[in-house]
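Structure record follows, encoded as structure tokens.
Just so we're clear, the structure is a prediction, and the values are computed from it rather than from any experiment.
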Amino acid sequence: MMSIELENRKLIEDAMIALGGRMRKNKAKITSKVLRPGGKIVEKVMKTYAPVMSKYKAFNVYRTPKLNRRLKAPKGMGKIYVSIKPRQLRNSIKVFQTKAAKNSPYVIIAPKFKSGVWLCPEKGGWYMQMVQFGTDRVKPQPFVGRALRGTASGVGNLLKKNMAALVESEANKIKGIQVG
């Protein structure tokens, strides 16, 4: 049986523990320097693949008050709830973080519809699921998967490169360790 003993084993262990602690504390740096640049690329490609309504100037969504729970809404008495305009879905796609995500290193790439100006149904992309997966009257137009597959290798390489640079810069800040 053969065993190998590292010369500076204790120094290496201490350095790895210190580096792990620094990376755990720097979740904001991981998000801003690693994840957000890759997310911006996916966002750009997702916007190009998002379908644009070309036949009509707007698509009206109706909400009709019912006379009775058991009855259907009367025909011709519909009230327009929202008028969806062309490129509305495309314009609402953004890279963002929720308030809960501030403590975790991750970003969301999706249409915004829950905060700010996007809260207004006339602007937000709240109907993305209906476009992506279709309804009983509308054919599905999947674009998210195409965008992810189209950017997978390039964004993956960018994430690896940015994460390696971040780990190297954090390791160089630890006393007595030089990487590279």
Same cluster (ILVMFWY, side-chain, under 4.5 Å), F96 and L89: no
For K123, does the NZ atom sit with more than 12 other heavy atoms under 6.0 Å from it, leaving out its own atoms? no
In terms of heavy-atom contacts, P140 and Q132 come closest through CB-O, 3.6 Å
Can you tell if the side chain of M128 reaches within under 4.5 Å of the side chain of F143, non-hydrogen atoms only? yes
Could you check whether any side-chain heavy atom of F113 comes within less than 4.5 Å of a side-chain heavy atom of S92, counting everything from C-beta outward? no
For K33, does the NZ atom have more than 12 heavy-atom neighbours from other residues, nucleotides or ligands under 6.0 Å away? no
Exercise: identify the closest heavy-atom pair between S32 and P37: O-CD, 3.4 Å
Could you tell me whether the side chain of Y106 and the main chain of L35 form a donor-acceptor pair under 3.5 Å? no
More than 12 heavy atoms of other residues, nucleotides or ligands under 6.0 Å from CZ of F59: is that the case? no
To the nearest 0.5 Å, tell me how far R146 CZ sits from Q141 CD. 10.5 Å
Exam field: side chain R36 to backbone T31, donor-acceptor pair closer than 3.5 Å: no
Are L166 and V155 connected in the hydrophobic side-chain network, where two residues link if heavy atoms are under 4.5 Å apart? yes
Is any side-chain heavy atom of K94 less than 4.5 Å from a side-chain heavy atom of M46? no
Minimal heavy-atom distance between P105 and I30, with the atoms involved, is CB-CG2, 3.8 Å
Could you give me the CA-CA distance, side-chain angles and deciding distance for V167 and M163, then say whether side-chain contact (heavy atoms from CB on, under 4.5 Å) is met? CA-CA 6 Å; V167 168; M163 190 64 183; 4.2 Å; yes
How close do R90 and A50 get, heavy atom to heavy atom, and via which atoms? NH2-O, 2.9 Å
Is any side-chain heavy atom of W126 less than 4.5 Å from a side-chain heavy atom of I84? yes
CD1/I93 to CD1/I109 distance, rounded to the nearest 0.5 angstrom? 10.0 Å
Hey, does the side chain of Q97 reach the backbone of I108 with a donor-acceptor pair shorter than 3.5 angstrom? no
